[in-house]
Amino acid sequence: MHKKKKNEVTFDLQSALITERRKTSRSACYQLEAGFLAEQYQNMLRCIAEAYETDKKNEIQFTVKWDPKDQIE
């Protein structure tokens with residue numbers, strides 16, 4: 001975990017595989033991983049959560065946000 005705020009948490013993903021993917025012309029997408037993080041937080045906190053990815057220089061950053069007022073049953 002990189003940063004934690006009241007209703008938000010940020011994770012950084014770094015690996016040699018990410019570095020290699022950047023060297024190719026393929027555009028990599030990490031939406032699946034972001035979805036897994038959002039689902040886990042949704043299950044833990046029992047409220048709607050969403051996650052998105054940001055492509056940084058040497059890493060992928062995931063931000064998970066939730067609203068405690070938006071409870072699930």
Side-chain angles (χ1 to χ4, degrees):
M1 185 171 3
H2 178 69
K3 286 191 275 184
K4 186 173 182 179
K5 296 181 183 176
K6 183 178 178 182
N7 296 328
E8 178 181 312
V9 65
T10 304
F11 296 94
D12 294 333
L13 176 64
Q14 301 171 331
S15 75
L17 180 59
I18 293 172
T19 304
E20 286 300 315
R21 283 184 180 169
R22 289 172 191 256
K23 292 179 183 177
T24 66
S25 60
R26 291 181 21 204
S27 177
C29 176
Y30 297 92
Q31 285 297 305
L32 181 65
E33 290 84 352
F36 286 146
L37 286 171
E39 180 73 17
Q40 290 304 311
Y41 268 81
Q42 189 166 299
N43 288 334
M44 290 186 312
L45 301 173
R46 305 303 301 159
C47 62
I48 299 297
E50 64 180 14
Y52 60 91
E53 63 180 284
T54 307
D55 197 355
K56 299 289 184 179
K57 184 177 181 182
N58 293 317
E59 65 194 19
I60 304 300
Q61 190 175 71
F62 295 101
T63 303
V64 182
K65 295 183 176 186
W66 60 90
D67 184 359
K69 297 176 192 167
D70 199 3
Q71 295 290 313
I72 59 174
E73 300 188 18

Salt bridge check: are Lys65 and Glu50 linked by an N-O gap of less than 4.0 Å?
->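 No, Lys65 and Glu50 are not salt-bridged.
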
Contacts of Asp67 that satisfy salt bridge (charged side-chain N to carboxylate O under 4.0 Å, His left out) - sequence neighbours left out =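 Partners of Asp67 under the salt bridge (charged side-chain N to carboxylate O under 4.0 Å, His left out) test: none.
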
For Leu32, what residues pass the side-chain contact (heavy atoms from CB on, under 4.5 Å) criterion, not counting sequence neighbours?
->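 Applying side-chain contact (heavy atoms from CB on, under 4.5 Å) to Leu32 gives Phe36.
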
Rounded distance [0.5 Å steps], [atom1] in [X] versus [atom2] in [Y]:
| X | Y | atom1 | atom2 | answer |
| --- | --- | --- | --- | --- |
| Thr10 | Phe62 | OG1 | CZ | 11.5 Å |
| Lys69 | Asn7 | NZ | CG | 9.0 Å |
| Lys5 | Thr63 | NZ | OG1 | 8.5 Å |

Please lay out, stage by stage, how Asn43 and Glu39 fare under the test side chain to side chain contact (heavy atoms under 4.5 Å, CB included).
-> CA-CA 6 Å; Asn43 288 334; Glu39 180 73 17; 3.7 Å; yes

For Glu53 and Gln61, what are the C-alpha separation, side-chain angles and deciding distance, and is it a side-chain hydrogen bond (donor to acceptor under 3.5 Å, both in side chains)?
-> CA-CA 6 Å; Glu53 63 180 284; Gln61 190 175 71; over 6 Å; no

Shared-cluster residues of Tyr52, by chain and number - hydrophobic side chains joined below 4.5 Å |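 When side chains under 4.5 Å apart are linked, Tyr52 ends up in no cluster with other residues.
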
Look at the aromatic rings of Trp66 and Tyr41 and report parallel, tilted or perpendicular, splitting at 30° and 60°.
->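 Parallel: the ring planes of Trp66 and Tyr41 meet at under 30°.
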
Verify same cluster id: Leu45, Ile48 (apolar side-chain graph, 4.5 Å) |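 No, Leu45 and Ile48 fall in different hydrophobic clusters.
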
Determine, step by step, whether Ile60 and Asp55 satisfy the side chain to side chain contact (heavy atoms under 4.5 Å, CB included) criterion, reporting the C-alpha distance in whole Å, the side-chain angles of both residues, the deciding distance to 0.1 Å, and the verdict.
-> CA-CA 5 Å; Ile60 304 300; Asp55 197 355; 3.4 Å; yes

Closest approach of Cys47 and Gln42, non-hydrogen atoms and distance?
->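 Between these two residues, the closest heavy atoms are O-CG, 3.2 Å.
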
Determine the minimum heavy-atom distance between Ala38 and Ala49, stating which atoms define it.
->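 Here Ala38 and Ala49 meet closest at O-CB, 3.6 Å.
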
Could you please spell out the steps behind the side chain to side chain contact (heavy atoms under 4.5 Å, CB included) verdict for Glu59 and Ile18?
-> CA-CA 7 Å; Glu59 65 194 19; Ile18 293 172; over 6 Å; no

